[in-house]
J.: 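Encoded as structure tokens, here's the structure I'll be asking about.
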Protein chains: 2
Amino acid sequence: MAEKTKLWYLQNFNMLEGMSPKMMKELEQNTSMQSNSKKEIIYFPEDASNTIYFLKMGKIKIYRLSEDGKTTTLQLLGPGEIFGESAILGQDTHDNIAEVVEDAVVCAIDKRDFQDLMEKSSKLTMSVNKFIGWRLRKIQAHVEDLVFKNASQRITSFLHRYVETFGKKMVDGWMVRPFLTHQEIADLTATARQTVNQVLNELAERDVIKFSRRFLHLKGDLDQLES
Amino acid sequence: MAEKTKLWYLQNFNMLEGMSPKMMKELEQNTSMQSNSKKEIIYFPEDASNTIYFLKMGKIKIYRLSEDGKTTTLQLLGPGEIFGESAILGQDTHDNIAEVVEDAVVCAIDKRDFQDLMEKSSKLTMSVNKFIGWRLRKIQAHVEDLVFKNASQRITSFLHRYVETFGKKMVDGWMVRPFLTHQEIADLTATARQTVNQVLNELAERDVIKFSRRFLHLKGDLDQLES
DNA sequence: ATGGACATGTCAGCAATATGACAGTCCATC
DNA sequence: GATGGACTGTCATATTGCTGACATGTCCAT
């Protein structure tokens with residue numbers, strides 16, 4: 001396969017669709033591309049927020065630590081998503097930790113360059129607004145889940161989203177690979193590792209899923225993972 | 001007027017400042033003003049999201065209901081704040097309920113008019129971005145509270161924010177008036193009414209606060225309401 | 001192939017806080 | 001100034017799901 005260019009990568013982001021070739025060229029010149037392997041940290045809280053990132057491959061998690069060492073993961077991001085957006089939202093430092101969960105390819109753009117482009121293209125600005133709206137909606141849904149749902153419902157509906165977002169449809173259901181550790185799911189759902197284990201095994205018991213360290217297989221339709 | 005903290009400034013930053021008089025004039029012509037009294041609903045979920053609102057006076061709460069009738073309040077907004085912003089973030093319906101908590105005066109602007117203005121003024125666009133970033137930060141902090149703090153810490157730190165945002169500095173501490181009902185605090189902190197009652201009385205016992213249905217008086221410094 | 005590190009499985013006990021019930025209080029308004 | 005409805009205070013009880021402890025399993029580097 002031909003090596004994929006930076007331009008090719010950039011063109012595949014929804015947020016950038018509809019931009020003129022000239023703009024894309026300009027964007028490309030200001031973009032640097034980097035590969036990051038599992039467990040690498042892209043930024044920490046308090047780090048200067050000068051760069052906005054486009055995730056091309058792999059997975060990134062955005063999370064926080066409490067004073068007493070607990071973890072909560074705010075987002076699990078896959079290809080096509082943007083992070084570090086606080087840079088263009090008027091913050092000069094990050095609030096969260098961004099860590100690579102699966103080896104990633106990331107495009108980095110300086111916030112000034114990006115802001116220049118936004119000034120030139122109201123289309124881009126609109127896309128950015130849309131993206132932020134999406135982000136806001138997702139986190140509001142997260143709050144709603146935390147308040148209204150119990151642990152097992154949160155885990156089940158997380159699995160739903162996870163399969164929907166990252167899984168492949170098969171004749172006999174859905175397959176996601178690789179799978180997450182139970183601790184990672186616990187951090188995403190504000191539950192304990194042991195609770196995740198229990199819920200996962202109950203679902204396997206009921207023959208809704210099959211799983212191992214490497215994969216998650218949903219037998220049948222997504223709506224089996226309701227609430 | 002109360003001493004202005006950084007938070008106060010952030011909360012009340014005027015999204016429209018720095019706009020030319022001509023722009024302001026244009027904005028004014030597209031703005032309608034309305035008064036709404038306590039318990040009035042400004043919008044429901046699924047309502048068309050065509051309008052963005054500026055709150056001039058009073059308080060508004062943004063909240064959600066669960067299927068089984070529970071309530072969680074996402075935000076309590078005071079003068080200077082904007083709501084209904086989903087209109088300019090690419091959503092065509094609202095997700096939340098906006099209800100008047102204290103008799104309010106609200107300016108309403110059609111989203112198209114506002115978007116036109118944004119196209120003309122990149123300064124306004126930047127301000128909007130900043131505002132959204134601030135909103136995003138607040139809700140992330142909300143998630144962090146829900147996950148890391150226990151009920152009484154959530155209630156106490158809510159009181160901290162409430163006093164800081166809405167209170168007046170006095171010689172002997174801070175005064176907020178009117179106060180909220182215990183149920184309203186419970187909805188804001190994802191706790192039960194009875195728990196709020198208990199925590200409030202404990203704080204009064206420890207002589208940190210004095211309160212009634214009408215007012216909340218913090219005796220001394222804000223940092224007594226830590227975590 | 002082996003050892004060590006990390007992940008999973010399982011269980012008992014406990015703590016936090018929700019729930020439900022009911023009495024007491026406030027206050028708007030008739 | 002009487003009355004009804006909403007709000008507050010207090011308790012006893014139920015329960016969810018966390019914690020800690022430990023055994024077992026899996027993977028990878030050497």
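The chains referred to below are lettered A, B, ... by the order of the sequence lines, with proteins before strands, and numbering in each begins at 1. What's counted below: heavy atoms across the whole structure, side chains too, no hydrogens, waters or symmetry copies.
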J.: Let me know the distance between CZ of B:Phe211 and C1' of C:dT25, rounded to the nearest Å.
T.: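 My rounded result for the distance is 13 Å.
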J.: Just to confirm, is there a sub-4.0 Å distance from OP1 or OP2 of C:dC6 to any side-chain nitrogen or oxygen of A:His182?
T.: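 Result: no.
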J.: Under the criterion side-chain contact (heavy atoms from CB on, under 4.5 Å), which of B:Leu225, B:Ile155, B:Thr165 is the partner of B:His160?
T.: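 With B:His160 as partner, B:Leu225, B:Ile155, B:Thr165 yield a single side-chain contact (heavy atoms from CB on, under 4.5 Å), made by B:Leu225.
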J.: Starting the side chain at C-beta, find the nucleotide from D:dC27, D:dG17, D:dT8 nearest to A:Asn150.
T.: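 Nearest to the side-chain atoms of A:Asn150, counting from C-beta on, is D:dG17.
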J.: Using heavy-atom distances to pick each residue's nearest nucleotide on DNA chain D, tell me which of A:Ala190 and B:Leu200 is more 5'.
T.: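 Whichever sits nearer the 5' end wins; that is B:Leu200.
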J.: Figure out the NZ/P separation between B:Lys149 and C:dA16, and round it to whole Å.
T.: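 From B:Lys149 NZ to C:dA16 P: 18 Å.
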J.: Kindly point out which of C:dC11, C:dG9, C:dT19 is positioned nearest to the side chain of A:Gln194?
T.: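 Of the options given, the side chain of A:Gln194 lies nearest C:dC11.
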J.: Whole angstroms only, please: what is the NZ-C1' distance between A:Lys70 and D:dG17?
T.: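 Nearest whole value for this atom pair: 13 Å.
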J.: Quick test of your reading of the model: are B:Arg161 and B:Asp145 salt-bridged, counting only N-O distances below 4.0 Å?
T.: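 Salt bridge: yes.
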J.: Ignoring hydrogens and angles, answer whether the base of C:dG9 and the side-chain atoms of A:Arg193 contain a donor-acceptor pair closer than 3.5 Å.
T.: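 By the distance-only test, yes, there is a pair.
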J.: For A:Leu146 and D:dT16, give me the distance from atom CG to atom C1', rounded to whole Å.
T.: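 So the two atoms are 16 Å apart, to the nearest Å.
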J.: Consider side chain to side chain donor-acceptor pair (under 3.5 Å). Of B:Asp187, B:Thr72, B:Asn96, which one does B:Arg64 pass it with?
T.: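 By the side chain to side chain donor-acceptor pair (under 3.5 Å) criterion, B:Arg64 pairs with just one of B:Asp187, B:Thr72, B:Asn96: B:Asn96.
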J.: Between B:Thr195 and C:dA18, is there a contact of a side-chain N or O with OP1 or OP2 at under 4.0 Å?
T.: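 Yes.
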J.: Starting at CD1 of B:Ile155 and ending at P of D:dT8, how long is that distance when rounded to a whole Å?
T.: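 Rounded to the whole Å, the gap is 13 Å.
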J.: Where the side chain of A:Arg213 is concerned, which of D:dT8, D:dC27, D:dT16 is the nearest nucleotide?
T.: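 So the side chain of A:Arg213 is nearest to D:dC27.
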J.: Measure up the B:Phe83 and B:Tyr53 rings against each other and bin them: parallel (under 30°), tilted (30 to 60°), perpendicular (over 60°).
T.: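 Because their plane-to-plane angle is under 30°, the rings of B:Phe83 and B:Tyr53 count as parallel.
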J.: What nucleotide among C:dA7, C:dG9, D:dG9 has an atom nearest to a side-chain atom of A:Asn197?
T.: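 The answer is C:dG9.
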